[in-house]
**Student:** 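What follows is a single structure, and I will ask about it in a moment.
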Amino acid sequence: MQELFPSPSAGRFGRRQKRERGARIPVTVVTGFLGAGKTTLVKHFLQTPEGHGTAVLVNEFGEAGIDDALLRDSTEKTVLLGNGCLCCNFRSDLQMALHRMVVDRERGVIPPFGRVLIETSGLADPSPILTTFATDRALGGEFFVEAVIAVIAAADGIKTTGEYAEARRQIMLADRIVISKTDIADEDAAEVLTTRLRELNPRARIIAADYGRLDPAWITDSATARDAAAFVAEAAEIEHTDRVRSFTIIEDVAIAWEPFARAMETLIALRGADLLRVKGFLNVAGCKGPVVVQFVQHIAHPPVELAAWPDNDRKSRVVFITRDIGEREVRDLLAAVRALAAP
């Protein structure tokens with residue numbers, strides 16, 4: 001787990017280079033349901049030689065940007081596209097960000113980049129992103145969608161695609177599918193899931209990855225790239241799953257670890273199935289850097305202390321994406337456990 005969040009060590013993209021006139025920049029869209037492992041996959045790719053010179057745009061469903069901060073030490077160009085879902089009202093954010101990046105690159109404000117990677121929200125429908133590139137002529141002149149990669153966890157992939165229309169759409173629109181977290185799933189989980197994925201998308205290439213690691217050429221290969229219009233032609237209307245909500249718990253002062261851990265254990269025991277995703281930074285008393293915590297339903301990832309904070313904000317901030325669990329209930333639980341733990 002320590003390898004998932006190494007100490008910041010990424011260097012610069014290198015000296016500025018003029019790109020060939022008329023050459024369009026490839027765009028890779030990485031999608032996948034909540035907790036599938038998108039950020040881990042992207043982070044490992046950025047640390048490979050093939051990932052150098054990649055600009056990253058991150059969209060998150062929540063008030064605080066966690067994933068973009070985790071990726072910030074891997075590339076100099078990480079842009080957080082607001083809070084919400086790209087399939088709703090953030091297409092304009094995407095357009096503006098890409099246009100601004102082109103202008104800033106030509107002015108020398110940012111380092112050169114030869115690829116753009118968009119990490120979508122776990123609740124995003126990828127088709128409007130593809131529509132954006134197909135309908136914005138200016139963007140179409142600068143960029144082209146090379147591939148849509150969907151990430152799905154081996155252990156709960158069948159359940160996820162069964163319960164959530166968003167997850168099914170992400171799989172159906174993908175060029176390539178990554179089955180993640182095979183190391184913590186049953187031995188035959190990937191094989192069983194592959195059968196289900198073939199039913200949803202018989203044309204996509206499927207590969208399994210442990211800890212987000214796979215051959216970077218599998219991401220950059222353009223052999224199976226499809227025109228964005230083809231995706232759009234297959235698109236149908238989709239609505240967000242009801243009862244899903246997002247909120248952020250923010251703490252201004254350093255917190256004690258034990259009460260937080262015990263409260264989360266209680267929440268997992270009572271409502272684990274409804275904890276779709278919990279992820280954030282904690283300012284834990286006695287720790288030099290922030291402590292990264294992640295929970296996906298009944299699974300608690302081991303906490304990891306980073307070498308340094310990603311920015312000057314030292315507040316604890318944890319994003320909860322839940323089903324029928326409100327912010328007040330979580331805050332009350334934390335307060336109750338802390339009161340019991342107080343001397």
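Values in this document were obtained by computation on a predicted structure and should not be read as measured data.
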**Student:** Which pairs would a plain distance check flag for residues 150-161, meaning a side-chain donor or acceptor within less than 3.5 Å of a matching protein atom at least two apart in sequence or in another chain?
**Tutor:**
residue	atom	partner	partner atom	Å
Thr160	OG1	Asp156	O	2.8
Thr161	OG1	Gly157	O	3.1
Thr161	OG1	Ile158	O	3.0

**Student:** Do Val178 and Trp218 have side-chain heavy atoms sitting under 4.5 Å apart?
**Tutor:** yes

**Student:** Under the rule for side-chain contact (heavy atoms from CB on, under 4.5 Å), what residues qualify as partners of Glu50, not counting sequence neighbours?
**Tutor:** Phe45, Thr48, Pro216, Thr220

**Student:** Can you name the nearest heavy-atom pair linking Leu57 to Met101, along with the distance?
**Tutor:** CD1-SD, 3.9 Å

**Student:** Would Glu142 and Arg24 count as a side chain to side chain contact (heavy atoms under 4.5 Å, CB included) here? Give the steps.
**Tutor:** CA-CA 5 Å; Glu142 292 284 349; Arg24 293 195 298 167; over 6 Å; no

**Student:** Less than 4.5 Å apart, side chain to side chain, heavy atoms only: is that true for Phe144 and Val27?
**Tutor:** no

**Student:** I'd like to check the side chain to side chain donor-acceptor pair (under 3.5 Å) partners of Thr182; sequence neighbours left out, ordered by chain and number.
**Tutor:** Asp210

**Student:** Do side-chain atoms of Arg317 reach the backbone of Leu282 as a donor and acceptor pair under 3.5 angstrom?
**Tutor:** no

**Student:** In a table with atom names and distances, give each donor-acceptor pair under 3.5 Å that connects a side chain of residues 333-343 to protein atoms at least two apart or in another chain.
**Tutor:**
residue	atom	partner	partner atom	Å
Arg338	NH1	Glu251	OE2	2.9
Arg338	NH2	Glu251	OE2	3.3

**Student:** With salt bridge (Lys or Arg N to Asp or Glu O under 4.0 Å) as the test, would you mind laying out the steps for Glu146 and Arg115 before giving the verdict?
**Tutor:** CA-CA 10 Å; Glu146 187 172 69; Arg115 172 177 299 277; 2.9 Å; yes

**Student:** Treating Ile, Leu, Val, Met, Phe, Trp and Tyr as nodes and any side-chain heavy-atom pair under 4.5 angstrom as an edge, say whether Leu200 and Val192 lie in one connected cluster.
**Tutor:** yes

**Student:** Parallel under 30°, tilted from 30 to 60°, perpendicular over 60°: which one fits the rings of Phe295 and Phe260?
**Tutor:** tilted

**Student:** Going by the side chain to side chain donor-acceptor pair (under 3.5 Å) test, name the single residue among Thr31, Thr39, Thr28 that passes it with Glu119.
**Tutor:** Thr39

**Student:** Show your reasoning for whether side chain to side chain contact (heavy atoms under 4.5 Å, CB included) applies to Val103 and Arg107.
**Tutor:** CA-CA 6 Å; Val103 173; Arg107 294 171 53 200; 3.7 Å; yes

**Student:** Between Arg169 and Glu166, is a salt bridge (Lys or Arg N to Asp or Glu O under 4.0 Å) present by the stated rule, with each step listed?
**Tutor:** CA-CA 5 Å; Arg169 174 51 54 83; Glu166 295 89 343; over 6 Å; no

**Student:** Mind checking whether Phe281 and Val293 have side chains closer than 4.5 Å, heavy atoms only?
**Tutor:** no

**Student:** So, for Thr248 and Arg331, which heavy atoms are closest and what is the spacing to 0.1 Å?
**Tutor:** O-NH2, 3.7 Å

**Student:** Check whether Val102 and Val109 end up in the same hydrophobic cluster, where Ile, Leu, Val, Met, Phe, Trp and Tyr are linked by side-chain heavy atoms less than 4.5 Å apart.
**Tutor:** yes

**Student:** Are Trp309 and Leu306 in one and the same hydrophobic cluster, where Ile, Leu, Val, Met, Phe, Trp and Tyr link if side-chain heavy atoms are under 4.5 Å apart?
**Tutor:** yes

**Student:** Any side-chain heavy atom of Ile118 sitting closer than 4.5 Å to one from Val30?
**Tutor:** no

**Student:** Would you say Ile207 and Leu41 are hydrophobically clustered, going by side-chain heavy atoms of ILVMFWY under 4.5 Å?
**Tutor:** yes

**Student:** Just do the side chain to side chain contact (heavy atoms under 4.5 Å, CB included) check on Arg205 and Ile149 with the steps written out, would you?
**Tutor:** CA-CA 9 Å; Arg205 288 194 292 163; Ile149 298 175; over 6 Å; no

**Student:** Which residues satisfy the side chain to side chain donor-acceptor pair (under 3.5 Å) test with Glu187, sequence neighbours excluded?
**Tutor:** none

**Student:** Who pairs with Arg314 by side chain to side chain donor-acceptor pair (under 3.5 Å), at least two apart in sequence or on another chain?
**Tutor:** none

**Student:** Counting heavy atoms not belonging to Glu191, are there more than 12 under 6.0 Å from its CD?
**Tutor:** no

**Student:** Assess the residue pair Ile206 and Arg176 against the criterion (side chain to side chain contact (heavy atoms under 4.5 Å, CB included)); give the C-alpha distance rounded to whole Å, side-chain angles, the decisive distance to 0.1 Å, and a yes or no.
**Tutor:** CA-CA 6 Å; Ile206 301 176; Arg176 309 163 197 175; over 6 Å; no

